[in-house]
Each structure stands twice: as C-alpha cells, then as structure tokens.
Amino acid sequence: MTSEIAPHLLAWYDRHHRSLPWRVTPADRAAGVVNDPYAVWLSEIMLQQTTVKAVRPYYERFLERWPTVTELASAEDEDVMRLWAGLGYYSRARNLIACARTVAGDHGGRFPETAEGLSKLPGIGPYTAAAIAAIAFDESVAVVDGNVERVFTRLYAIDTPLPKAKTEIKARVSEALPKTRAGDFAQALMDLGATICTPRSPACAICPLLEDCEAGGAGNPEAFPVKPPKKAKPVRVGAAFVAQRPDGAVLLVRRPDKGLLGGMRVVPTTGWTARQDGATGTEAAPFPANWEEKGQVIHVFTHFELRLSVFHALVTSEDKSADAFDTAMDARWSDAADLAGEALPSVMKKALTAALPDALRPRKPGRD
DNA sequence: GAAACGTGGGC
DNA sequence: TGCCCAAGTTT
C-alpha cells in the first residue's frame, strides 16, 4: 500500500518547522524564494556531528565575513581557521577552504546541482551531497543522517545494528520520497528527529507519524536504533608550554594540516602518545627557560582523554633559544591583545587559561 | 570495516 | 560524575 509518511510529515512540517538562519521556510519557498546553495553547503558542513545551537553563531559570523563562495575561496587559510576555532572537527574547515576554491576555480563559482556532482568535492560525503542537492536544488534523493536513521529504524522496527542497517534505511527512505518538495521532506525528517523522535523520551503522543510507526505502536521506540558497543577511552598524557615575553606576547606554533587539531594554533607541546609515563615535565620543554608548572588540564576528545600539564615561563631577552624556534613549525609570537582571536582549539584555550587566567579576555590581560 | 577526528550540553 | 549525544567524512 502507498506510504502515507510524506503527506503526514509535510503537513506537520508546514505548521511546526523550526526557524533556522540558513533555512527558507515552506511559505517563502512557495512564494518563490530560493535557497542559496552556498548557505546550504556552509550550514551542512558546520552541522556535521554538531548541534544547531553550537553552529548558529559560527554560521552567522562566516556568512557575514564571506557572503559568497568566491569570497571564501579568496580568504586566508588562517582567517578561516580562526573563525572555526571552537567548533571542532577541524578537517571540516580545511576541506571547506579546499571546496570553496574548487567551486570558485573549476566550477565558475557555482556548486554542482546534483548529489553525484557534489559528492566529488572535498568534505562532502554521501549525506551532505544528498542534503545540498535536495535542499538547494530540489533533487529527489534520500537524505540519511542520524535523525533519519533514528526515525526510520523506529518506523519499521529495524533491529539490525548500525551502520549495517543503512542499506535498508536508505531503501525505506527512497520509497517514502514525495514526488515534489524533496528539500522540505528532508528537513522535515530532521526536524522530526530533533524535536519529536528524539533519542531518549520521544514524544510519540504528538508525533504525526505515530499511526505509521511500528516501534511507536509497540511502545518501545527507545529500543531503536541498535548501535554497536562503544570502546573504552584511553588516557594520554602530555605537557604544554606557555612561553611569554615581558610585553605579554605568547609563543604559538601551528599544527600540521593532517591529524588531530590539524592547521590550528597551539603553544608548544610534547607529543600526546599513548604512553602513561615520561615526558610531562620540563625536560620535555621546547627550550630551556624558567618553567613553572601552573596546573593540569583534562580534556576529553572523541577517542581519548588527554591530561595536560601546563607550564609557564617568562622569557627574557637573554633566552635567545625562544627566537631560535624557527619557521619549521611556523612559530610566532602572538600579542596579548590578539590571543583571544587566534585559531586556538578549545583544549588550548583551557591550557592558556590555566597558565594565565586572563590571557583570553578580549581586552589586554593584566600587566606583568 | 574500523579508527581517527572536537566540543559542549543534557540527564 | 560519567556517559551519551549532535544535520559525517576521510583514510
């Protein structure tokens, strides 16, 4: 029998859609307002594994600073990393730059209009390609993200563990696709997942798809989706060294493009290997100075917990060694007043604050 | 297919 | 407090 999912869902979406800065409302769309593919792309990249609440201010700042993909393509890499700082998953920012330059350079400043074309661009995988194609170009494609996985495993009580269940989920979404309003359908599914069909305590009583839903009918929606067990999170140990000049400037280096915190600014650190012992003291300092331990920072990454011992030293003119810290790691002194605006990941903001409580205040920190 | 890759918020 | 989670992609 014909699925009633799309009509039920779209009727609900017309009344209850969320208002989001990157979104054209159903009413606007009906009035002929079109989505800006650049805005859709930017929001989709930022929203990967990231909450709407966290994304909103970043999205606004990016769009104001770089209103078009061509302007973003011309941006300095480090300026992009600065504005991305704190949002996490920094390879997204590096891929954002690469993608903008490809679109500007190879596609005349226009995004490809199909999921297939979009998926060839850096940072755009199966989900994002489908989402942009549906939302910006109204291509009729299945847009499957974590929300959609949750909604559909519940609708059909799919108990195959993720990610193996993805094939069946995608097939079910495809057969539920409406003939029109592909973008609204995708966004409606995500809104439903975010506001009604939530991971815990879903609001089945007010769900527009309750009569279509197997798990909802059975009263066990929280049994879905089935996920594989998680692995234990190892602890890693290291040290961070905050070198400061008498004028307050702090020595920063740049992380390599690939890997953890790639392309971001940090103070000199030891490696963060899996070892539990060893170089967490001044013997691992980047150069000799009057290092003093100021505290410890614990920061939890996706796949390990980091315990960082934070050292501080006032570097005088006699400490030539600090200047010898050369361009291989792109080292430079950051003025005290500039520090808060640097491309510092959150873990490094914690470390700096541990050494210098006022270091990241917008105004110049306290004199020495 | 599994592992790497950030962060802040909710309960 | 600690675990889970959020519009995934890349290698």
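In the text below, chain A, chain B and the rest are named by the order of the sequence lines, each starting its count at 1. Just so you know, these numbers come straight off a predicted model, no measurement behind them. These numbers come from the heavy atoms of this one structure, side chains and all, not from hydrogens, waters or symmetry mates.
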Across the strands shown, which category fits Pro163(A) at heavy-atom distances under 4.0 angstrom: base, sugar-phosphate, nothing? nothing
Base-contact (B) and sugar-phosphate-only (S) positions in nucleotides 5-11 of chain C, heavy-atom cut-off under 4.0 Å, - elsewhere: SBBBSSS
Which pairs of donor and acceptor atoms, one on a side chain in residues 11-22 of chain A, lie under 3.5 Å apart (sequence neighbours left out)?
residue	atom	partner	partner atom	Å
Tyr13(A)	OH	Arg23(A)	NE	3.4
Asp14(A)	OD1	Arg181(A)	NH2	2.7
Asp14(A)	OD2	Arg181(A)	NH1	3.4
Arg18(A)	NE	Asp191(A)	OD1	3.0
Arg18(A)	NH2	Asp191(A)	OD1	2.8

Boundaries of the chain A footprint along DNA chain B (any atom under 4.0 Å from a heavy atom): dA3(B) to dG8(B)
Please work out if Val55(A) contacts a base, only the sugar-phosphate, or nothing of the nucleic acid, heavy-atom cut-off 4.0 Å. nothing
Which part of the nucleic acid does Gly86(A) contact within heavy-atom distance under 4.0 Å: base, sugar-phosphate only, or nothing? sugar-phosphate
Can you see whether Tyr58(A) has Arg61(A) sitting over its ring - NZ or CZ less than 6.0 Å from the centre and within 45° of the normal? yes
Using side-chain hydrogen bond (donor to acceptor under 3.5 Å, both in side chains) as the criterion, list what pairs up with Glu78(A), not counting sequence neighbours. Arg265(A), Arg332(A)
Charged N to carboxylate O below 4.0 Å: is that the case for Lys170(A) and Glu168(A)? no
Nearest-Å distance once atom C1' is located in both dA7(C) and dA2(B): 23 Å
Comparing Thr302(A) and Lys231(A) on DNA chain B - which has the more 5′ nearest nucleotide: Lys231(A)
Between dT9(C) and dG8(B), how far apart are the P atoms? Round to whole Å, please. 23 Å
Tell me whether Lys164(A) at atom NZ has more than 12 heavy atoms from other residues, nucleotides or ligands lying less than 6.0 Å away. no
Rounded distance in Å between the C1' positions of dG1(B) and dT10(C): 13 Å
Regarding Arg172(A) and the six-membered ring of Phe152(A), is the cationic atom NZ or CZ under 6.0 Å from the ring centre and inside 45° of its axis? no
Return a table of donor-acceptor pairs under 3.5 angstrom between the side chains of residues 118-146 of chain A and protein atoms on other chains or two or more places apart.
residue	atom	partner	partner atom	Å
Ser119(A)	OG	Ala115(A)	O	3.3
Ser119(A)	OG	Glu116(A)	O	2.8
Tyr127(A)	OH	Glu44(A)	OE1	2.7
Thr128(A)	OG1	Gln48(A)	NE2	2.9
Asp138(A)	OD1	Ala182(A)	N	3.4
Asp138(A)	OD1	Gly183(A)	N	3.3
Glu139(A)	OE1	Ala115(A)	N	2.9
Asp145(A)	OD1	Asn147(A)	N	3.2
Asp145(A)	OD1	Val148(A)	N	2.9
Asp145(A)	OD2	Asn147(A)	ND2	3.1

Please report the distance separating the P of dC5(B) from the corresponding atom of dA6(C), rounded so that it comes out in whole Å. 22 Å
With a 3.5 Å cut-off and sequence neighbours excluded, list the donor-acceptor pairs that the side chains of residues 214-226 of chain A form with protein atoms.
residue	atom	partner	partner atom	Å
Glu222(A)	OE2	Ser201(A)	N	3.1

Please determine if Asp212(A) and Arg154(A) form a salt bridge, counting it only when a charged side-chain N lies under 4.0 Å from a carboxylate O. no
